[in-house]
Amino acid sequence: MVFREALKFALPPLALGALAVAVGWMWPAAALFLLGAFVFYFFRDPERTLPPSPTAVVSPADGKVLSVVEEPLDGRPGHRIAIFLSILDVHVNRAPVAASVASVDYRPGKFYAAMRERASAENERNIIRLETGRGPVIVKQIAGWVARRVVIWKPAGSKLERGERLGMIRFGSRVEVWLPSEAQVTVRPGQHVRSGASAIADWR
């Protein structure tokens, strides 16, 4: 899936680069080939090893933790963890816990810089509600100023293992996860996390 996503963006500069070589425009060709190579780099999808603790909630995204705030959901107390993905981070998103996908709510919106708090409520986003035996978990994919598309691969009704790939966001973005208050958050703002590999909370 990730390779198909990459081809959509990498093939045009690579094709133009080949055309530039054919007419002798070597410097433009080199720039186009580099652009195509960067696109493939951006869409990389490395394998990840889950944390050893079975109660660990894993990060749904690579990036820097922007904030950890107390925020209720439907009257239930919980934590909202926001993660900023730079253009150099891996942009494949993963399930923070084993769960079933209850719903995927796509909401069109603006494209504010993903580091800004207002991006959470106003930017284009997918709100993915996961159901577990202990309660709901929300993953929110938020497009940023550069990113112009949030992509979900797992429709409602899908079963997810912890750390399983569920979608991606193109070219810089923000991912948030809401956890019930029973989950003890183990990350802090400024910390760098990796999707599927870094524990962000302990939910015993």
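- We find the CG-OG distance between L73 and S181 to be 11.5 Å, quoted to the nearest 0.5 Å.
- Contact annotation: the side chain of V104 never approaches that of P155 to less than 4.5 Å [non-hydrogen atoms, C-beta and beyond].
- By the criterion of side-chain heavy atoms lying less than 4.5 angstrom apart, applied directly or through intervening Ile, Leu, Val, Met, Phe, Trp or Tyr residues, V57 is grouped together with V68 in one hydrophobic cluster.
- No side-chain heavy atom of D105 sits less than 4.5 Å from a side-chain heavy atom of R129.
- Contact record, A199 with A56: CB-CB, 3.9 Å, taken as the closest heavy-atom pair.
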- When you look at E164 and K154, which way does the side-chain contact (heavy atoms from CB on, under 4.5 Å) test go after all the steps? CA-CA 10 Å; E164 184 174 347; K154 302 293 184 179; 3.0 Å; yes
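- The shortest side-chain heavy-atom distance between V177 and I138 does not fall under the 4.5 Å cut-off.
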- Task: Apply side-chain contact (heavy atoms from CB on, under 4.5 Å) to the pair I200 and V58, showing each step before the final yes or no.
- Result: CA-CA 6 Å; I200 60 171; V58 299; over 6 Å; no
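- Considering every non-hydrogen atom in both G135 and W203, the closest pair reads O-CH2, 4.2 Å.
- Remark: the backbone N or O of G190 is not paired with any side-chain donor or acceptor of H192 at under 3.5 angstrom.
- Here Q191 contributes atom CD and S198 contributes atom OG; the two are 7.5 Å apart, rounded to the nearest 0.5 Å.
- Transitive grouping of hydrophobic side chains (ILVMFWY, heavy atoms separated by less than 4.5 Å) brings V187 and V139 into a common cluster.
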- Task: Might you work through the side-chain contact (heavy atoms from CB on, under 4.5 Å) test for E124 and Q141, ending with a clear yes or no?
- Result: CA-CA 8 Å; E124 175 183 308; Q141 298 175 301; over 6 Å; no
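- Remark: the T55 side chain and the D202 side chain contain an N/O donor-acceptor pair separated by less than 3.5 Å.
- Connection of I127 to V150 is not established within any shared hydrophobic cluster, with ILVMFWY side chains joined at heavy-atom distances below 4.5 Å, either directly or through further cluster members.
- Across all non-hydrogen atoms, the minimal contact from A183 to A201 is CB-CB, 4.3 Å.
- Nearest heavy atoms, I83 versus L85: O-CD1, 3.6 Å.
- Between L130 and S100, every side-chain heavy-atom pair lies at or beyond the 4.5 Å cut-off.
- Although no hydrogens or angles enter the test, the distance criterion places a donor-acceptor pair under 3.5 Å between the side chain of N123 and the main chain of A143.
- Formation of a donor-acceptor pair under 3.5 Å by the R162 side chain with backbone atoms of A99 is not found in this model.
- I142 has its side chain out of reach of S173: every pair of non-hydrogen atoms, C-beta onward, lies at least 4.5 Å apart.
- The nearest pair of heavy atoms linking I169 to R174 is CD1-O, 3.7 Å.
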- Message: Pair W178, H79 - check side-chain contact (heavy atoms from CB on, under 4.5 Å), show working.
- Response: CA-CA 6 Å; W178 182 91; H79 319 280; over 6 Å; no
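- No donor-acceptor pair under 3.5 Å is formed between the side chain of S67 and the backbone N or O of V69.
- For the pair R165 and W153, the NZ or CZ position fails the cation-pi test of under 6.0 Å to the six-membered ring centre and within 45 degrees of the ring normal.
- Of all non-hydrogen atoms in G163 and L50, the two that sit nearest each other are CA-CD2, 4.0 Å.
- Note that CG of L179 is 10.0 Å distant from CZ of R134, once rounded to the nearest 0.5 Å.
- Residues K140 and I128 are not in side-chain contact: their nearest non-hydrogen atoms beyond the backbone lie 4.5 Å or more apart.
- Side-chain atoms of P136 and R76, non-hydrogen and from C-beta on, do get closer than 4.5 Å to each other.
- Under a cut-off of 6.0 angstrom, the local environment of CD in E161 is sparse, with at most 12 non-hydrogen atoms contributed by other residues, nucleotides or ligands.
- Under the 4.0 Å criterion applied to side-chain N and carboxylate O atoms, R107 and E122 are not assigned as salt-bridge partners.
- In this structure, I152 and Y106 have side chains that are not in contact, with every pair of non-hydrogen atoms separated by 4.5 Å or more.
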- Item | Stepwise salt bridge (charged side-chain N to carboxylate O under 4.0 Å, His left out) test for E70 and R80 | CA-CA 6 Å; E70 303 300 313; R80 176 168 58 88; over 6 Å; no
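- Using modelled atom types and a 3.5 Å distance limit, the side chains of E176 and S120 yield a donor-acceptor pair.
- Of the residues listed (R48, R194, R94), the one engaging D62 in a salt bridge (Lys or Arg N to Asp or Glu O under 4.0 Å) is R48, and it is the only one.
- Residues I87 and V92 are members of one and the same hydrophobic cluster, defined by side-chain heavy-atom contacts under 4.5 angstrom among Ile, Leu, Val, Met, Phe, Trp and Tyr.
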